[in-house]
Engineer: 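First, the structure itself, so that you have it in front of you.
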Amino acid sequence: MAPMLSKTLLMTALLALPLGSAAPVLAQEAKPREAVISVTGDGESALAPDMAVVNLAVVKQAKTAREALDENNKAMNEVLKALKDGGIAERDLQTSGFSIQPQYNYPQPVDGQQQPQLIGYQTINSITIRLRDLAKLGQVIDQSVTLGINQGGDIQFTNDKPEAALEAARKNAVAEAVKKAKTLSEAAGVKLGRIIEINENVPRPMPQPVYRATMMKEASDAAVPVQGGENNYTVSVTVTFAIEQ
């Protein structure tokens, strides 16, 4: 009888082990979820631009593709030489587009049929310029048009090193989030606790373009008037606070 009794006690003890080990887990699951407040804050910071990115293009038309290309090359080479002579580094000059397209004329249909007529070719050579001396911007545009630029003029004022403005915007965003959280907690009659989490929302903030224009062949002889204004950098953060119980 003794051996059988020992086996019975052993089996009882083994069956009791899983229940005993599960008790802490059940107690942990039963623990109430921590009360929190999550708010989003937006911060801005303004900074005067120190660089302009300009997109310009030479457009030429001729009877043959060869003639159109030769005319375009001549004008663009003159533009590039003038820009380099004016102090713009090669690293700030980049070809951004090139195309050769046939040009057609569509006459009135005859007997219900319309046959397009090839009348020539058009070449477009586009260049993106990073100008680090904004005082020269109007002069560069005017000179480029004189030498053959006849399309483009999309300008974006930006900053070479916007880190200081972004840092200020982040601080403003967190300050606004804290202010919102305090207002919410006071309105709800609860006490604001520690910060649990801070997330900066993507994408990376970029300056807003403040000037756009269309360049025309018939530009004035005077330097083109431009205004840089300021760039606004915006950062958004989400902050989660605990609520003290």
Side-chain angles (χ1 to χ4, degrees), residues 22-56 88-89 91-92 94 96 128-138 140-141 152-215 224-245:
V25 176
L26 293 174
Q28 185 177 2
E29 292 179 352
K31 183 180 178 181
R33 181 182 176 184
E34 185 176 19
V36 299
I37 293 178
S38 291
V39 293
T40 298
D42 297 318
E44 288 189 359
S45 180
L47 184 65
D50 57 17
M51 185 169 65
V53 180
V54 188
N55 294 308
L56 302 173
I88 298 179
R91 67 188 177 98
D92 292 328
Q94 184 179 51
S96 53
T128 298
I129 306 167
R130 286 186 297 180
L131 189 62
R132 301 177 187 274
D133 185 356
L134 293 183
K136 296 181 179 179
L137 180 56
V140 165
I141 294 175
D154 185 17
I155 303 174
Q156 180 180 357
F157 290 103
T158 185
N159 296 95
D160 188 28
K161 296 180 179 180
E163 287 76 12
L166 291 172
E167 183 178 350
R170 289 188 180 98
K171 291 180 180 179
N172 294 336
V174 172
E176 184 183 72
V178 172
K179 183 179 179 180
K180 283 184 178 180
K182 289 181 178 179
T183 300
L184 290 173
S185 63
E186 291 172 1
V190 296
K191 187 175 181 181
L192 201 63
R194 73 189 190 284
I195 293 178
I196 297 175
E197 189 176 63
I198 301 178
N199 289 316
E200 181 178 337
N201 302 326
V202 294
R204 176 179 171 85
M206 296 296 292
Q208 298 298 317
V210 296
Y211 179 86
R212 289 181 183 273
T214 301
M215 290 297 305
V224 178
V226 292
Q227 290 293 127
E230 287 186 333
N231 288 329
N232 289 324
Y233 290 86
T234 303
V235 174
S236 177
V237 298
T238 299
V239 184
T240 301
F241 297 82
I243 297 177
E244 293 188 0
Q245 301 296 319

Engineer: Closest heavy-atom contact between Pro49 and Leu134?
Structural biologist: O-CD1, 3.3 Å
Engineer: Nearest 0.5 Å, what's the CD-CG distance between Glu230 and Leu47?
Structural biologist: 8.0 Å
Engineer: Measure the NZ-CD distance between Lys191 and Glu186 for me, rounded to the nearest 0.5 Å.
Structural biologist: 12.5 Å
Engineer: Could you tell me if the side chain of Ile88 sits less than 4.5 Å from the side chain of Lys136, heavy atoms only?
Structural biologist: no
Engineer: Testing the basics here: between Ile196 and Phe241, what is the closest heavy-atom pair and its distance to 0.1 Å?
Structural biologist: CD1-C, 4.2 Å
Engineer: Which atom names give the shortest non-hydrogen contact between Ala52 and Leu137, and what distance separates them?
Structural biologist: CB-CD2, 4.2 Å
Engineer: Within the 4.5 Å heavy-atom criterion, are Arg170 and Val174 side-chain neighbours or not?
Structural biologist: no
Engineer: Mark yes or no for whether Arg130, through its side chain, and Ala89, through its backbone, hold a donor-acceptor pair below 3.5 Å.
Structural biologist: no
Engineer: Can you tell me if Lys180 uses its side chain to pair, donor with acceptor, with the backbone of Thr40 under 3.5 Å?
Structural biologist: yes
Engineer: Listed by chain and number, what are the side chain to side chain contact (heavy atoms under 4.5 Å, CB included) partners of Lys171, not counting sequence neighbours?
Structural biologist: Glu167
Engineer: With a 3.5 Å distance limit and no angle check, can you tell me whether Asn172 reaches the backbone of Glu44 through a side-chain donor-acceptor pair?
Structural biologist: yes
Engineer: Check side-chain hydrogen bond (donor to acceptor under 3.5 Å, both in side chains) between Glu197 and all other residues, then give those that pass, not counting sequence neighbours.
Structural biologist: Asn199
Engineer: For Ser45 versus Ala169, what's the shortest heavy-atom pair and its separation?
Structural biologist: CB-N, 3.8 Å
Engineer: With distance as the sole test, does Gln94 use its side chain to make a donor-acceptor pair with the main-chain N or O of Thr128 at under 3.5 Å?
Structural biologist: no
Engineer: Look up atom CG in Leu192 and atom CD1 in Ile243, then write down how far apart they are to the nearest 0.5 Å.
Structural biologist: 7.5 Å
Engineer: Report the distance from atom CD of Glu200 to atom OG1 of Thr238, rounding to the nearest 0.5 Å.
Structural biologist: 10.0 Å
Engineer: Are any side-chain N or O atoms of Asn231 and backbone N or O atoms of Phe157, one a donor and one an acceptor, separated by less than 3.5 Å?
Structural biologist: yes
Engineer: For Arg132, is there any backbone N or O sitting under 3.5 Å from a side-chain donor or acceptor partner on Asp50?
Structural biologist: no
Engineer: How close do Ala181 and Ile37 get, counting heavy atoms only, and between which atoms?
Structural biologist: O-CD1, 4.4 Å
Engineer: Under the side chain to side chain contact (heavy atoms under 4.5 Å, CB included) criterion, do Val178 and Val239 qualify, and how do the steps go?
Structural biologist: CA-CA 8 Å; Val178 172; Val239 184; 5.7 Å; no
Engineer: Identify the two heavy atoms, one from Leu56 and one from Gly153, that lie closest to each other, and give their separation to 0.1 Å.
Structural biologist: CD2-N, 3.8 Å
